[in-house]
Each structure stands twice: as structure tokens, then as C-alpha cells.
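Report on one structure; see the data block that follows.
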Amino acid sequence: MGRWLEKIRNAEVDTPRKPPKSPLGGLEGVAEDAFSEKNEDSAPVTTTDWIEWIAERCPVLPEDKTHVARGLFRLHPRIQQRLAERYVDAWREGHDAEPSSVKQENAGRRAANIIITKLLKGDEHV
């Protein structure tokens with residue numbers, strides 16, 4: 001396991017915080033206080049936040065959440081967003097490719113979980 005993950009699990013460091021997005025595309029002014037971890041304009045920060053983000057976009061079973069969490073924990077926080085986006089995209093593609101409406105959710109779930117499985121085996125990179 002990487003040193004970064006060991007430090008996070010041992011609570012030696014906090015996950016990086018993201019500044020709020022400026023409507024002008026750049027950061028304006030100087031922040032007086034630390035940015036809050038959860039900001040309406042910023043992306044999720046922790047692994048749990050990413051799992052919730054995925055669950056808002058496609059139906060996720062408890063087993064899927066565990067599977068996704070194992071994949072996310074292996075990645076640096078900046079790369080977790082890519083995996084979450086790929087998961088949702090794969091779920092939607094699998095769902096849309098299945099002609100039977102009864103089987104669509106399972107097809108989406110299978111397609112998305114294959115990405116995580118390949119990542120855990122080392123066959124695929126994010």
C-alpha cells in the first residue's frame with residue numbers, strides 16, 4: 001500500500017481540500033479562512049463522498065459500494081474522480097446497451113464493476 005494511503009488511514013494527514021470554483025474561471029481575492037471540505041461548488045473530497053456521488057447518478061447496491069470503495073482506496077485522491085466518472089459512464093453504457101428493460105440495471109452494474117475488478121487485478125489503469 002502506498003505511503004499516502006497509510007498516512008490517511010493512520011490519520012496523520014487530512015485529505016486535500018479544494019478551493020471553491022470562481023464563476024470567472026480563476027480564483028479571485030484572498031481567502032481569510034480555510035476552505036470547508038464540502039463546498040457546493042467543489043467536487044467530492046473523500047472516498048465516501050465519491051461513493052455518494054456515484055449513488056446519486058446510478059443505482060448502487062451495498063455490495064457495489066464496498067467494491068467501489070476498495071478501488072477508490074487504492075488511488076490518490078486526485079485520481080478518484082476519474083474512476084468515479086468512468087464508473088458512472090460504464091454503468092450508463094451497459095444499461096443503454098441492454099435491450100431488455102428487466103436486465104438493464106444488472107447490465108449497467110456488471111459493466112461498471114468490471115472496471116473496478118480490472119483495476120484491482122492491475123489489468124487496467126485509471
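When a residue number appears, it is its place in the shown sequence, counting from 1. Worth saying up front: this structure is predicted, and the values here are computed from it rather than measured.
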So [Y] and [X], do their side chains get closer than 4.5 Å, heavy atoms only?
X    : Y   : answer
I54  : V68 : yes
E105 : P59 : yes
I51  : L72 : yes

Calculate, to the nearest 0.5 Å, the distance between atoms [atom1] and [atom2] belonging to [X] and [Y] respectively.
X    : Y    : atom1 : atom2 : result
T66  : R70  : OG1   : CZ    : 8.0 Å
D49  : Q80  : CG    : CD    : 9.5 Å
I115 : D89  : CD1   : CG    : 8.0 Å
D64  : I116 : CG    : CD1   : 9.5 Å
T117 : H67  : OG1   : NE2   : 3.0 Å

*So, the side chain of R74 versus the backbone of L120: is there a donor-acceptor pair under 3.5 Å, distance only?*
yes

*Can any side-chain N or O of Q104 pair as donor or acceptor with the backbone N or O of E98 at less than 3.5 Å?*
yes

*asked:* E85: which residues meet the side-chain hydrogen bond (donor to acceptor under 3.5 Å, both in side chains) condition with it, sequence neighbours left out?
replied: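 Q81.
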
_Counterpart residues, side-chain hydrogen bond (donor to acceptor under 3.5 Å, both in side chains), relative to T48 (two or more places apart)_ = none

*asked:* Quick check: closest heavy atoms across A111 and A90, and the distance to 0.1 Å?
replied: CB-O, 3.6 Å

*Can you hop from V88 to L61 via hydrophobic side chains spaced under 4.5 Å?*
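No, V88 and L61 fall in different hydrophobic clusters.
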
*asked:* Once you measure the plane-to-plane angle for H95 and W91, does it fall in the parallel (<30°), tilted (30-60°) or perpendicular (>60°) bin?
replied: parallel

*Pairs involving residues 101-122, ordered by first then second residue, that meet ring-ring contact (aromatic ring centres under 6.0 Å, His included) (sequence neighbours left out)*: none

